[in-house]
Each structure stands twice: as structure tokens, then as C-alpha cells.
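One structure below.
Both counts, for ligands and for their atoms, begin at 1 and track the order of listing. A quick note: this is a predicted structure, and the numbers were derived from the prediction, not measured.
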Amino acid sequence: MMFRAMAAAVIGSAFRKSRGLWLPGLSAVRAMSAQAGPTPPFSALSVSHPATAVTHVELYRPEKRNAMNQAFWSEMVDCFSQIALDSECRVVIVSGAGKIFTSGIDLMDMAENMLQPEGDDVARMSWNMRRLVAKFQETFSIIEKCPKPVVVAVHGACVGGGVDLITACDIRLCTQDAWFQVKEVDIGLAADVGTLQRLPKVIGSRSLVNELALTARKLYSDEAKSCGLVSRVFPDKESMMAGALELAAEIAARSPVAVQGTKINLVYSRDHSVSESLDYMATWNMSMLQTQDLVKSAQAAMEKKSPKEVLFSKL
Ligand SMILES: CC/C=C\C=C\CC(=O)SCCNC(=O)CCNC(=O)[C@H](O)C(C)(C)COP(=O)(O)OP(=O)(O)OC[C@H]1O[C@@H](n2cnc3c(N)ncnc32)[C@H](O)[C@@H]1OP(=O)(O)O
């Protein structure tokens, strides 16, 4: 048992060091869930590369149920800014270490210092508070701004800030034991970092969104699936991580020009009219249709080859 744990830790650290190392199937999943700790310079995140072109970002404060402390709020921005520029990365998986996905904002940090704006009077304090809230919002908006698709895998609880986080992701998966809670009203605040803006766009029913946000009732995995918050439910974390990796590998195998253009245009069209979005798309593709990827992909399709057999340049 001890040996297996040590072996898993060694594989995990090898992952973090060597980019592009492909560990197929279960061994990759084991390594994904066998991180030794946060990856420097991060203290609340662990970042690894479980397969070619796949980056795994793990919320890593398991002993505090991945509560979102001060470090987390800024590290997410640093991490996703790097991922956006990393031409080796084509898709991201986000998950939580330990017992649950996340317990939301770190209540100790919040009580102590997080929401204490400086300023000599109400106007100045309010001004600084606004900047603080905008900074917190960026922690999740950065996921949406990242051109690489982000798959989030939720096990156990996903509370408060966790719902803000997952609604900024592109594909949501969960385990059978997962539950989701828009907890903010219970701690005396209106959710302000994305849930109220994105959740209504994720799940069709406004009535359900209102109910969840106004009562903080828990939404369990079956209902999360039926209302469209998640697209797939897995029996346990291991099978979910395997599913996430399989999905990520499918995305990573395709033209990054096509994939990233698809994400950017899907996000754009969510917030604009059909006519504005078609206009944006036409402008987008006036350059992107000239990519070599189109020629390569079309040729592969005609030869009945899988996109996985095509070599695309980095983006
Ligand atoms: C500008 C504002 C931006 C964002 C705002 C976001 C709003 C929110 O996120 S609201 C949601 C706040 N979170 C909560 O109310 C959840 C609180 N936690 C729990 O209810 C439970 O911990 C649990 C998630 C149900 C998990 O239960 P369990 O598995 O039994 O673990 P515990 O024994 O309760 O906790 C273990 C350990 O973690 C610490 N901890 C858990 N959650 C938090 C948290 N949110 N903040 C700080 N610390 C947390 C807990 O204190 C324990 O620590 P010990 O040192 O071991 O005692």
C-alpha cells in the first residue's frame, strides 16, 4: 500500500516536470489524483500535464475543503493567464483535491481581511470595495476569457464560489455524490462573482435559478443533470476523472484553430444577438478559414482518417 502511494507520488511529480508525456488510461487518472501538493509558485493550486496538450488545474487545499483563500483568488488569474499563452496546452481540466470540490470562499479570510477596503471616507472605501469585487470577479472571468476549453469535474460539495467557478467553465461533469449550493444568501450577501450572471444562461429555467439563489437549497447530481447544469454524471471520482481525460483528449486531438475559435464564438454568441454573432463569426473566419488546419482536416476526412491522425501546428 505504502509502495503504491510512493509510486503514485513519483509518477505525479514526473508529470509536473515533463510536458507532453502521454500516460494512457487509468495510470494517467491515478496520477491525476495522486498529486503531492501545490505546484510552486502556487500554494492553493496544483498544476500538472496528464496527457499531451492537456493541463490539469487542481484546487489544492484539501484539509480546508479547498476553501478559496486570498492566494487562490490571485493564483487562478496567474494560472489561467499562463495557460492562455501556453501553445502546448489545448484543453484544461479543473477538479478539486481531497474530499470535495470546494467549500467556496474561505470564511476565515473573509472575516479577517478580505473584504476590508481602505479609504478615508465612505466614498473612497466604496470605490476600493468596487475594485475589490471586480478583482474577485476576474478570478472566474479569466476562465471564460481563456481560449482553451475548460472541463470542470466536480465531486462532493460545490458551494458558493464553487458555483461561480463552474458556471465560467465550458463543460461540467460531476459524480453521483455531487451537490451544488448557491450559498451566498445564507452568509448575508448577494452572489457577486458570476453565479447570478452566468447560471441563468447555463440552465434554462429562470424559476429554478431564482429558487436556488434565493433559498440556497442544495441541488443534487440527478437534478443538476436534468436541468442542464452538468452534461454527465459518473459513479465516482475515478471514473469521472477518466471521463474528463477522455473528453479532453478528444478536444486536444482537433485543430486548435477550430477548437479555440469555437469556444470564443460560443461565448460571444451567448451574450449577443444572432445577427451580431453572425457578423462577429464572419469577421473571425475571414482570417481563420485560411488556416492550414482546414486543408489538413478536410483531407483527413476524405481519407476517412480520424482527426487524431492529423498533426496540427501549435497555437
Ligand atoms: C467578494 C466575495 C466573493 C465570493 C463569495 C463567495 C461566497 C461563498 O463562497 S458562500 C459559501 C461559503 N462556504 C460555506 O458556507 C461552506 C462552509 N463549509 C461547510 O459547510 C463544510 O465544511 C462542508 C463544505 C459541507 C464540508 O464539510 P466537512 O467535510 O464535514 O468538512 P469540515 O469538517 O466542515 O471542514 C474541514 C476543515 O475545513 C475548514 N473549512 C471548510 N469550509 C471552509 C470555508 N468555506 N472557509 C474556511 N474554512 C473552511 C473547516 O473549518 C475545517 O477546518 P479545521 O481546521 O479542520 O477545523
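Within ligand 1, counting atoms from 1 as listed, the ones closer than 4.0 Å to a heavy atom of G104 are 9 (O). Taking a cut-off of under 4.0 Å to the non-hydrogen atoms of I100, the atoms of ligand 1 that pass are 24 (C). For ligand 1, the atoms lying closer than 4.0 Å to a non-hydrogen atom of G160 are 8 (C), 9 (O), 10 (S), 11 (C). Using a 4.0 Å cut-off to heavy atoms of G161, the atoms of ligand 1 that qualify are 6 (C), 8 (C), 9 (O).
Nearest-heavy-atom check against atom 3 (C) of ligand 1 across I105, V182, T139, L132 picks out I105. When the options D109, D186, L107 are ranked by their closest heavy atom to atom 17 (C) of ligand 1, first place goes to L107. When the heavy-atom distances from atom 15 (O) of ligand 1 to K183, M108, K135 are ranked, the shortest goes to K183. Closest to atom 33 (O) of ligand 1 by heavy atom, among R65, R61, Q137, is R65.
Of all protein heavy atoms, the one lying nearest to atom 10 (S) of ligand 1 is I187 CD1, 3.5 Å. Nearest protein heavy-atom contact of atom 55 (O) of ligand 1 is K64 NZ, 2.5 Å. The protein atom (non-hydrogen) at minimum distance from atom 14 (C) of ligand 1 is S103 O, 3.6 Å. Summary of contacts: the protein heavy atom closest to atom 2 (C) of ligand 1 is D192 OD1, 3.6 Å. The protein non-hydrogen atom at the shortest distance from atom 7 (C) of ligand 1 is E184 OE2, 3.5 Å.
Between M288 and N285, the closest side-chain pair of non-hydrogen atoms falls below 4.5 Å. When side chains are defined from C-beta on, L107 counts as touching M110, because their heavy atoms get closer than 4.5 Å. Using a 4.5 Å heavy-atom cutoff, the side chains of D192 and E184 are not in contact.
Heavy-atom separations between W73 and ligand 1 include at least one value shorter than 4.0 Å. Under a 4.0 angstrom heavy-atom cut-off, E63 registers as being in contact with ligand 1. Under a 4.0 Å heavy-atom criterion, V133 is not in contact with ligand 1.
Ring orientation note: the planes of Y280 and Y268 are close to parallel, at an angle under 30° on the 30°/60° scale.
Taking CG of D236 as the start and CE of M241 as the end, the distance is 11.5 Å to the nearest 0.5 Å. Put simply, CG on D170 and CD1 on I143 are 9.0 Å apart, with the number rounded to the nearest 0.5 Å.
Within a 4.0 Å radius of atom 51 (O) of ligand 1, the protein contributes no non-hydrogen atoms. For atom 21 (C) of ligand 1, no protein non-hydrogen atom is found at a distance below 4.0 Å. In this structure, atom 12 (C) of ligand 1 has protein heavy atoms in its sub-4.0 angstrom surroundings. Contact annotation for atom 47 (C) of ligand 1: protein present (non-hydrogen atoms, distance under 4.0 Å). Protein non-hydrogen atoms do not reach within 4.0 Å of atom 57 (O) of ligand 1.
Among I93, V54, L173, the one residue that satisfies the side chain to side chain contact (heavy atoms under 4.5 Å, CB included) test with L247 is L173. Partner of R61 under the side chain to side chain donor-acceptor pair (under 3.5 Å) criterion, out of D106, T102, N66: D106 alone.
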Are V257 and F312 close enough, and set up right, to give a side-chain contact (heavy atoms from CB on, under 4.5 Å), and what steps lead you there?
CA-CA 9 Å; V257 173; F312 298 109; over 6 Å; no

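Proximity of A67 to ligand 1, defined as any heavy-atom pair under 4.0 Å, is confined to the side chain (atoms from C-beta onward). Neither the backbone nor the side chain of D164 has any atom closer than 4.0 Å to an atom of ligand 1 (non-hydrogen atoms only).
Looking at K99 next to ligand 1, an N or O pair under 3.5 Å apart turns up. Polar contact check, A157 against ligand 1: no nitrogen or oxygen pair lies under 3.5 Å apart.
We find that D121 and R124 are joined by a salt bridge, their nearest charged nitrogen and carboxylate oxygen being less than 4.0 Å apart. A salt bridge links K308 to E250: at least one charged side-chain nitrogen sits closer than 4.0 Å to a carboxylate oxygen.
Under a 3.5 Å cut-off, the side chain of K148 and the backbone N or O of C89 do form a donor-acceptor pair.
Closest non-hydrogen pair, V310 versus A300, comes out as CG2-CB, 3.5 Å. Across W284 and G261, no two heavy atoms sit closer than the pair NE1-CA, 3.5 Å.
Under a hydrophobic clustering in which Ile, Leu, Val, Met, Phe, Trp and Tyr are joined whenever their side-chain heavy atoms come within less than 4.5 Å, directly or via other members, V193 and L189 fall into the same cluster.
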